[in-house]
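When a ligand or atom number is given, it counts from 1 through the structure's own listing order.
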Amino acid sequence: RALSGASGREAVASRENITLPPPDSGAPALPRRARARVEGVSPFTTPNSDFYRVDTGLVVPKVDATAWRLRIHGEGVTREKTLTFDDLLRRELIERDITLTCVSNEVGGPYVGNARWIGVRLADLLEECGVRPPSAGGPADQLVARSVDGMTIGSPVEDVMDGRDAMLAVGMNGEPLPFDHGFPVRMVVPGLYGYVSACKWIEDIELTTFDSYDAYWVKRGWAREAPIKTQSRIDTPKPFARPKADTVMVAGVAWAQHRGIDKVEIRVDDGPWEEAVLAAEDSRDTWRQWSYAWRATKGGHTLTVRATDRTGEVQTDRRTRTVPDGASGRHSVVVTVD
Ligand SMILES: Nc1nc2c(c(=O)[nH]1)N[C@H]1C(S)=C(S)[C@@H](COP(=O)(O)O)O[C@H]1N2
Ligand SMILES: [Mo]
């Protein structure tokens, strides 16, 4: 059906024919000091070509946007909708910077990236369909998104409709979604791990309950609900680096989407926690870069980072595995100063 022939020629052509209209609500200008000027830190905006990719697809679905449809139906839907790609483009478009994170990211791991997304506000569409969140008496507490390749991803209806910038995204960093990242349309919900929010190649949204349906990864032992944990990562120096005894710039990123990052601290060996310099906050849905000028002394040292989010919660030291709801613990890097 929507998956076109082996070559995906129609899909490629449909993508090339898309001109994304300028968003009605542009992303707020990036604060001038949102970037830490330290070599080796992850770029604030992750280029599409470097953006992590996590999915079960052996073959990336190639969907022809002109044939694509999205159906919204289920419990509490009083007016079902079927939308085309052009229907979406004709709606009010918002543009937002949102950092995506995978629940399978180990502490210090690479499965996190930040992009500027363009899309349609999902809550508006749901409201037009008559959907009310549970807090307003709606019968459905789970929104199950289904992709053309059969993936199912369940998100709390309450979160999607609570005012955050949950969207059906059509654009990523100024271009139509790359095929790898869900062309033509995917979901993005700030604050939730990808496996409970970020359905790529979406074609169906069903309103249901958590009691009556378990999505793909939930059937395999992962948590039903999974807000992103407060985390931080040292990007530089790299593990086992051999910097010279001098001032060494330690830098990285910290994230706690939809709560925001308030503070980042660095500890050298068993020393006191020292505050890092935080780059300006773009939004509470994006990561923040940080840096720390370390007066490095000769010998082997362990650098450890921890973040505090805007609820005041300090990133825990308690190590957990990624299963069932995301790794916790603190990232450390061992270096030898010459
Ligand atoms: N259709 C589909 N959507 C999916 C997945 C998938 O396997 N299939 N993986 C999810 C997971 S686990 C994550 S973390 C994000 C990753 O999005 P990205 O590959 O664009 O970084 O997509 C989510 N959406
Ligand atoms: Mo993920």
Y216 six-ring centre to R220 NZ/CZ under 6.0 Å and within 45° of normal: yes
Protein heavy atom at shortest distance from atom 23 (C) of ligand 1: A198 O, 3.5 Å
Numbered atoms of ligand 1 (with element) below 4.0 Å of F51, judged on heavy atoms: 21 (O)
Nearest non-hydrogen protein atom, atom 6 (C) of ligand 1: D55 CB, 3.4 Å
Protein heavy-atom partner closest to atom 21 (O) of ligand 1 - residue, atom, separation in Å: Y52 O, 2.7 Å
Under-4.0 Å heavy-atom contact with ligand 1, by part of D149 that carries it: side chain
Within 6.0 Å of CZ in R318, more than 12 heavy atoms from elsewhere: no
Distance-only N or O hit between ligand 1 and T56, under 3.5 Å: yes
Proximity to ligand 1 by part of W201, non-hydrogen separation under 4.0 Å: side chain
Reference residue R224; test salt bridge (Lys or Arg N to Asp or Glu O under 4.0 Å); the match among D211, D141, D214: D214
Lys/Arg N to Asp/Glu carboxylate O, D235 vs R233, below 4.0 Å: yes
Exceeds 12 heavy-atom contacts within 6.0 angstrom, atom CZ of R295: no
Within reach of ligand 1, part of I153 (heavy-atom separation under 4.0 Å): side chain
Protein contact to atom 8 (N) of ligand 1 [nearest heavy atom, distance to 0.1 Å]: M151 CG, 3.5 Å
Interfacing atoms of ligand 1 (cut-off 4.0 Å, heavy-atom, H181): 18 (P), 19 (O), 20 (O), 21 (O)
Nearest neighbour of atom 3 (N) of ligand 1 from the list R146, E203, K200, on a heavy-atom basis: K200
Between T101 and Q257, a side-chain donor and acceptor under 3.5 Å: yes
Identity and separation of the nearest protein heavy atom to atom 16 (C) of ligand 1: V54 O, 3.6 Å
Atoms in ligand 1 flagged as close to C102, the criterion being non-hydrogen separation under 4.0 Å: 14 (S)
Qualifying residue for salt bridge (Lys or Arg N to Asp or Glu O under 4.0 Å) with D309, from R288, R259, R284: R259
Residue pair Y52 / P110, side-chain heavy-atom distance below 4.5 Å: no
Any R186 heavy atom less than 4.0 Å to ligand 1: yes
Cation over ring face, R306 and W273, 6.0 Å, 45°: yes
Close side-chain approach of P243 and D338, heavy atoms under 4.5 Å: no
Per-residue contact class, S147 against ligand 1 - non-hydrogen pairs under 4.0 Å: side chain
